[in-house]
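Shown next, in structure tokens, is the structure this report addresses.
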Amino acid sequence: MSQASVLYDLPGPRARRRNAILGVASIVGIVALLAWVGWKFYDTGQFEARKWEQFQYAAVQRELLTGLLATLKAAGIAAVLALLFGAVFASARLSDKWLLRAPATFVVELFRAIPLLILIFFGYYVPLQYGWSIDKLWALVIGLVLYNGSVLAEIFRAGINAVPYGQTEGGYAIGLHKSQVLRLILLPQAFRSMLPAIVSQLVVLLKDTALGFIITYPELLFVGKQIGGRLAFGLPYVPTYLVVAAIYITICGLLSIFAWWLQRRMGRLPRTAAKVLPAQDAGADASRMV
């Protein structure tokens, strides 16, 4: 019996036919929706050559490239710091000492509950109230790290707790300390299960950099807004945002492909199997045991 049949009843002929009809209807509905959106764009003149011709200029392409590099810079710095933040606070939450566990729990739950936009506002405007000048990049990075780092801390903690407790007991039985059990036994096993969630959160972090336009950080969306507001080309907001969306989709898609490749590569572990002894050898071994 397969694992799927244990979890739920296998669909019969009528259920398979109903599921096929629903699948076809869903595809037709999605195609119809996309066709309607495309027709509305065409009807409102969004596909006119005037609105798209500025993208053939090298100056506009450089503007988009500059915005993309600013986005990747903020996302890269924030991703590294958020992973470190998550690892430190996840370790503190897993600690046996309540002096470490209680403050870490408070910090993680606090920053998970505050909207990211408010954290970015605090990171930028609060220092200005005290006369401190802070770079817009770091104001955005602070907000991204606090929010996404708290979410990653929960991902790390949940992944480690998901490892069967027998693994921990086995590590203690051979004389390992808790830090050694965590580093040598739990983390290698938990990382494989955590990888999809970690990558998903990093994709979210990358897209969240678009909130930097609120504090006028020159990321990709902010540059796109400036390009789309040019009256000489008929205010091409929709074409510009379509181009920006295509860039975001490409980057997130490449990141997902890399994560899939990494997971496949990590899954290629050497497998060993018990050696099957011939009947004569097996009988001899059994006689020696007796």
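Position 1 is the first residue of the sequence; numbering continues from there.
- Using a cut-off of 4.0 Å between Lys/Arg side-chain N and Asp/Glu carboxylate O, K73 and E219 are scored as not salt-bridged.
- Going from atom CZ of F121 over to atom CG of L117 covers 4.5 Å, rounded to the nearest 0.5 Å.
- Residues I21 and R17 form a side-chain contact, since some pair of their non-hydrogen atoms from C-beta on lies under 4.5 Å apart.
- R101 places a side-chain N or O within donor-acceptor distance of the main-chain N or O of S95, the cut-off being under 3.5 Å.
- Of the possible polar contacts, one joining the T71 side chain to the L220 backbone as a donor-acceptor pair under 3.5 Å is found.
- Looking at heavy atoms from C-beta onward, V107 lies out of side-chain contact with L146 at the 4.5 angstrom threshold.
- Using a 4.5 Å heavy-atom cutoff, the side chains of V243 and W52 are in contact.
- Contact between K51 and P239 at its shortest, heavy atoms only, is CB-CG, 3.9 Å.
- Residues L205 and F213 are members of separate hydrophobic clusters, defined by side-chain heavy-atom contacts under 4.5 angstrom among Ile, Leu, Val, Met, Phe, Trp and Tyr.
- V126 has its side chain out of reach of I134: every pair of non-hydrogen atoms, C-beta onward, lies at least 4.5 Å apart.
- For Y125 against I214, the heavy-atom pair with the smallest separation is OH-O, 4.5 Å.
- Counting heavy atoms of neighbouring residues, nucleotides and ligands inside a 6.0 Å radius, atom OH of Y147 does not exceed 12 of them.
- Using a 4.5 Å cut-off on side-chain heavy atoms (C-beta onward), I251 and L255 make no contact.
- When hydrophobic clusters are built by joining Ile, Leu, Val, Met, Phe, Trp and Tyr residues whose side-chain heavy atoms come closer than 4.5 Å, directly or via intermediates, V37 is not grouped with V31.
- When all heavy atoms of G229 and Y237 are compared, the closest pair comes out as CA-OH, 3.4 Å.
- Under the 4.5 Å side-chain contact rule for hydrophobic residues, L195 and V204 do not share a cluster.
- Between the OG atom in S256 and the CD1 atom in I249 there is a gap of 11.5 Å [rounded to 0.5 Å].
- Considering every non-hydrogen atom in both P218 and F222, the closest pair reads CA-CD2, 3.7 Å.
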Checking side chain to side chain contact (heavy atoms under 4.5 Å, CB included) for the pair L94/F156: CA distance, chi angles, key distance, verdict? CA-CA 10 Å; L94 293 169; F156 295 156; over 6 Å; no
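- The distance from the NZ atom of K225 to the OH atom of Y241 is 6.5 Å, given to the nearest 0.5 Å.
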As a quick check of understanding, evaluate side chain to side chain contact (heavy atoms under 4.5 Å, CB included) for L202 and L206, giving each step before the final call. CA-CA 6 Å; L202 293 180; L206 174 63; over 6 Å; no
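- Sparse packing is recorded around CZ of F122, with 12 or fewer heavy atoms of other residues, nucleotides or ligands lying under 6.0 Å away.
- Interatomic distance, N148 CG to L116 CG, rounded to the nearest 0.5 Å: 6.5 Å.
- At distances below 3.5 Å, not a single donor-acceptor pair connects side-chain atoms of D43 with backbone N or O atoms of W39.
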Under the side chain to side chain contact (heavy atoms under 4.5 Å, CB included) criterion, do L22 and R18 qualify, and how do the steps go? CA-CA 6 Å; L22 290 175; R18 183 171 60 250; 4.3 Å; yes
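- Under the 4.5 Å side-chain contact rule for hydrophobic residues, I155 and V108 share a cluster.
- With rounding to the nearest 0.5 Å, the separation of CD1 in I227 from CD in Q54 is 6.0 Å.
- For the atom pair L144 CG and L81 CG, the distance stands at 10.0 Å (nearest 0.5 Å).
- Residue G159 comes nearest to M194 through the heavy atom pair CA-CG, 3.6 Å, listed as atom of the first residue, atom of the second, then distance.
- Looking only at side-chain heavy atoms (C-beta outward), V238 and K40 stay at 4.5 Å or farther from each other.
- Taking the six-membered ring for Trp and thresholds of 30 and 60 degrees, F47 and F41 have ring planes more than 60 degrees apart, a perpendicular arrangement.
- Residues W98 and F106 fall into different hydrophobic clusters, defined by Ile, Leu, Val, Met, Phe, Trp and Tyr side chains chained together at heavy-atom separations under 4.5 Å.
- Residues V199 and W260 form no side-chain contact, since every pair of their non-hydrogen atoms from C-beta on lies 4.5 Å or further apart.
- Smallest separation of non-hydrogen atoms from K136 and T216: NZ-OG1, 2.6 Å.
- Residues I142 and L119 fail the side-chain proximity criterion, which asks for heavy atoms closer than 4.5 Å.
- Put simply, the side chain of Y217 gets close to the backbone of A70: a donor and an acceptor are under 3.5 Å apart.
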